[in-house]
Structures are given as C-alpha cells and as structure tokens.
Amino acid sequence: MPHTSIQDLMRRIPGVDVLLHTDALQKSLGTHPRKIVLDSIRHVLEETRKRLRENTSQITEEELQVNHIVNHVIQRIEDLSDYTLRPVVNATGIVVHTNLGRSLLPREALERLQLIGQGFNNLEYDLERGKRGSRYVHAEAILCELTGADAALVVNNNAGAVFLVLNSLAQGKEVIVSRGQLVEIGGSFRIPDVMRASGAILQDVGCTNRTHLQDYAGAIGESTALLMKVHTSNYRIVGFSSEVTLQELVSLGQKHEIPVIEDLGSGSFIDFRPYGLTGEPTVQHAVNAGADMVTFSGDKLLGGPQVGIILGREDLIARCRKNPLTRALRVDKMALGALEATLRLYRDEREALLKIPTLRMITMPLTTLEEKAEELLAAIRAADAQECLDMEKVASNSQVGGGALPAQNLKTWAVAVRSDKIATQRIETALRKSRTPIIGRIESDRYLMDVRTLQDGEVEIIQEAFRKLIKSIL
Ligand SMILES: *Cc1c(COP(=O)(O)O)cnc(C)c1O
C-alpha cells in the first residue's frame with residue numbers, strides 16, 4: 001500500500017474493544033484468564049504498529065483486517081499458555097540426553113512419585129520409635145544390598161556428591177589425581193574447578209596419556225587426604241596410554257592409610273559386555289575392588305531420577321553426613337521415592353532390563369529397531385499423499401550419551417527425509433517448533449530420525465507434524 005499514509009493505516013488497525021468482542025476471542029475468554037487474552041491483544045497490536053512504522057510498504061491490506069489480527073492473537077494466547085518445561089520427542093537416538101532430561105522413569109517410579117507427592121509420608125520420621133528420623137535411611141539399605149557397600153548417602157546430583165566428599169574429607173588437604181583424569185563434563189563440571197571450590201588442593205600426577213603407580217606413590221606426603229580416580233566418561237585416551245587400576249590404587253592407599261575415592265560418573269549396575277558394550281565399569285566392581293568411596297549419578301545409566309549417590313565406608317559416610325553442606329545438597333522426597341522404586345527393579349536383572357527405559361533402549365535388538373523404522377517410514381509416507389518428500393530407512397549409529405560408553409556406537413535404524421521443495425534445515429526447524437517438539441538431526445543434508453529413543457505413540461505425533469509441514473509447503 002505504497003500510496004497510503006502511515007497515519008491512515010494506523011487508524012485502520014482495529015482497537016482492543018473491537019477485537020475483544022469478536023466471537024473467537026470471546027470464546028478464548030471462556031478458556032483462558034482475561035489477563036492473558038488482553039496481554040495477547042496488546043502485544044499483537046503493538047507488533048503491527050511497529051511493523052507499520054518500520055516498513056509501511058510491507059504491510060498488506062489483509063494484515064490489518066480483524067480476522068487476521070485475531071488469528072495472531074489466538075496464536076499468542078496459545079504460546080503464552082504453554083508450559084515452558086514440556087515433553088519433546090527425542091529422535092536423536094541419544095539415550096541419556098542431558099539436554100532432553102536424561103533418563104525416563106520406569107512406570108514403578110512414576111507410581112511412587114504420585115503416591116509420595118499426594119500424601120504425607122515418613123520422610124524424616126522414625127516409625128519404630130515414633131520420633132524424628134533421617135531422610136537418608138530410605139535408599140541406604142537397598143543400595144548396600146545391591147552393591148555390597150557398607151553405607152550409602154544420596155544427595156541432589158553427582159556433582160554435589162563429588163563436591164561433598166572432597167569438602168568433607170579433604171578440605172585444606174591434598175587430593176592426588178592423574179593428569180589424564182582432569183576432565184570436564186558437560187561444560188560446568190571440571191575436576192580442577194570442583195576441587196578448588198570444595199577447598200581441597202589438587203595434586204595432579206603423571207602425564208595426559210600415561211600415569212603409573214609410582215607417580216601416585218611419589219606424590220604422597222604429610223598433607224595427602226585422598227587418592228582419587230575419575231572415570232573419564234565423555235572421552236577416551238587411545239594409543240600409547242596407561243592408567244593405574246583401581247585395585248592397584250587401593251593397595252597403595254591401604255599401605256599409607258589414605259582413602260581411595262572413585263567418581264564413576266554414570267555408575268552402571270549392569271555389566272554391558274554381553275551386549276557388546278565395553279569400557280563402563282560397574283558400581284559393584286568398584287565396591288568389590290575396595291574403593292573407600294564411590295560416587296555416581298542416578299539419572300545416567302542407572303535410569304532413575306536425578307540424584308547423586310555416595311557409597312563407601314561407614315566412618316567416611318558419617319563424616320559426609322555431618323557436614324552442614326549436606327543440607328544444601330539434600331535430596332527431595334520425590335527423587336528418593338523414585339530412586340527406591342527404580343533400585344528395587346535391580347533385584348532381578350532381567351526385570352531391570354525390561355522395565356527401566358534407559359536400559360531397554362540401550363539393549364534394544366536391531367531387529368526391533370528395524371521394525372520401528374519401517375513403521376515410522378510407513379507413517380510419514382501416509383502423511384505425504386502428494387509425494388513432496390524423499391525418504392528411506394537407513395542404518396545408522398546411536399549413542400548412549402551422558403558421558404557413558406563414549407567410544408561405543410550402537411547400531412541402529414533411522415528414517416532419513418529430504419525434499420526438493422524445502423531446505424532440510426527448514427524441515428528440522430518446522431519439526432522442532434511443532435506442537436510437541438521433535439528433535440532429530442541433520443546428516444549429509446538429510447533430516448534423520450533415530451527410532452531407538454522413540455516412545456509409544458510418538459510415531460503418530462511425528463506423522464501429524466509431517467502432515468502440517470507438507471500442507472505448509474503446498
Ligand atoms: C556426569 C558426571 C558427573 C556429574 O554428574 P551429575 O549427575 O550431572 O551431577 C560427575 N562426574 C562424572 C565422571 C560424570 O560423568
């Protein structure tokens with residue numbers, strides 16, 4: 001509308017009252033708070049005025065019409081009404097995906113959350129004695145039962161667990177760690193930084209690729225409080241390299257009466273070697289080898305809620321428990337309830353592999369994955385009546401994620417999609433922004449969905465998103 005003046009156009013923008021009295025927005029008032037509806041109207045009007053001022057010639061006659069503006073307002077109302085934390089479809093194939101919330105809880109744990117959340121409970125009440133008790137007793141017995149440890153303490157997360165152990169046992173004293181294990185995990189957790197923050201003094205020994213027992217032995221002195229081993233989680237040193245085993249470190253520690261701690265990171269209760277996955281030590285192995293303290297996450301390979309688990313010697317756990325920081329890192333009742341339910345499944349390994357989603361996804365047979373890929377392919381094909389897309393089932397690799405088993409590629413099946421009509425990047429964006437966001441990846445200019453991490457009912461969600469995308473192309 002190049003020949004109309006701005007003022008003239010501004011006058012044509014409908015007012016708040018006019019919009020509010022449209023049937024559509026009257027209906028919105030029935031289902032949404034008045035404030036949200038009004039804020040949305042004001043927001044869309046302000047946007048429209050701004051666009052007019054900035055670029056008058058870009059605005060079409062249609063955009064100033066009541067219907068058009070009402071549609072925008074309704075979109076805005078929907079955006080404002082959405083939860084910010086909401087479900088997404090994980091089509092990345094990364095099972096323990098920290099950005100997508102890590103482990104999915106087993107049904108047994110979800111039922112527990114409901115039960116613990118809706119009523120009172122004995123979180124800190126001793127039912128035997130009828131007085132105040134400790135929240136830390138709840139998961140302890142089963143953790144000791146499953147791992148053979150003497151004592152256990154559950155805190156908010158594993159970063160907190162490591163921090164608490166270092167602060168309780170080594171404040172102002174030295175902790176000996178191999179240079180090859182001074183790792184950074186997920187950006188904000190770096191062993192040297194955690195050490196400094198905890199008040200412990202890092203004494204790094206050996207070289208990046210090789211550390212020997214005598215390196216540790218040579219560094220032991222008056223002020224050595226701990227020998228520490230860190231599972232390097234998210235990377236591997238390959239080639240000319242060597243690490244001191246936990247057993248060797250334990251013997252050295254015993255000789256000098258210095259406790260040995262191991263940060264396992266993922267902390268698996270299952271030996272994955274029968275499934276062709278190597279390099280992930282089990283928690284039981286670390287306890288058996290004689291580590292005085294072991295720390296690991298609840299929501300990585302364990303497949304439970306976010307917690308940090310400390311196992312170890314009774315006297316050392318007692319020192320952690322007495323530390324005032326424990327209060328700051330304390331675990332909540334929901335996490336404790338879900339943890340206990342998850343741990344109980346480990347009493348029967350077959351049951352754990354079936355019922356814990358993280359384990360089920362990691363050990364899913366290739367034939368099942370291929371069937372899932374065929375199902376997804378058929379569903380997208382059915383949504384693509386006009387044949388806008390090229391698609392096929394492709395063999396690919398998934399990752400466990402969460403720093404676990406980093407050198408392992410799990411063979412998987414995926415569906416790859418591209419189109420002559422729309423850039424692959426736009427396919428990715430459209431799916432990510434759909435009602436239930438779908439997170440896949442782009443590889444060789446194709447949009448790839450790994451079926452390993454798809455849950456029940458999500459094929460239909462993806463199909464619907466493709467239906468919408470195709471409609472928008474045509
Ligand atoms: C993941 C990880 C952590 C941090 O655990 P959170 O549960 O994320 O707090 C610490 N150490 C290692 C080796 C890890 O892999």
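Owing to the predicted nature of the structure, the values given are computational and were not obtained by experimental measurement. Just so you know, ligand 1 is whichever comes first in the structure, and atom 1 is the first atom listed for that ligand. Sequence positions, counted from 1, serve as the residue numbers for this chain.
Less than 4.0 angstrom separates some heavy atom of Ala159 from each of these atoms of ligand 1: 4 (C), 5 (O), 6 (P), 9 (O). Short contacts between ligand 1 and His231, defined as distances under 4.0 Å to a heavy atom of the residue, involve ligand atoms 13 (C). Ligand-side atoms of ligand 1 in range of Arg102: 6 (P), 7 (O), 8 (O), range being under 4.0 angstrom from any heavy atom. Remark: ligand 1 atoms within the under-4.0 Å shell around heavy atoms of Phe189 are 10 (C), 11 (N).
The two residues Ala170 and Val175 make their nearest non-hydrogen contact at CB-CG2, 3.5 Å. Of all non-hydrogen atoms in Thr424 and Tyr447, the two that sit nearest each other are CG2-N, 3.5 Å. Between Ile380 and Ile462, the closest heavy-atom pair is CD1-CG2, 4.3 Å. Nearest approach of Ser168 to Cys320, heavy atoms of both residues: OG-CA, 3.5 Å. In terms of heavy-atom proximity, Pro87 sits nearest to Pro437 at O-CD, 3.6 Å.
Proximity of Asn158 to ligand 1, defined as any heavy-atom pair under 4.0 Å, is shared by backbone and side chain alike.
Checking only distances, Ser297 does come within under 3.5 Å of ligand 1, N or O to N or O. Polar contact with ligand 1: present for Asp263 (N/O pair, distance under 3.5 Å).
Contact annotation: Val162 has no heavy atom less than 4.0 Å from any atom of ligand 1. The shell of residues lying under 4.0 angstrom from ligand 1, judged by heavy atoms, excludes Gln306.
In this structure, the separation between CD on Glu243 and CZ on Arg210 is 11.5 Å, given to the nearest 0.5 Å.
Using a 4.0 Å cut-off between charged nitrogen and carboxylate oxygen, Arg435 and Asp82 count as a salt-bridge pair.
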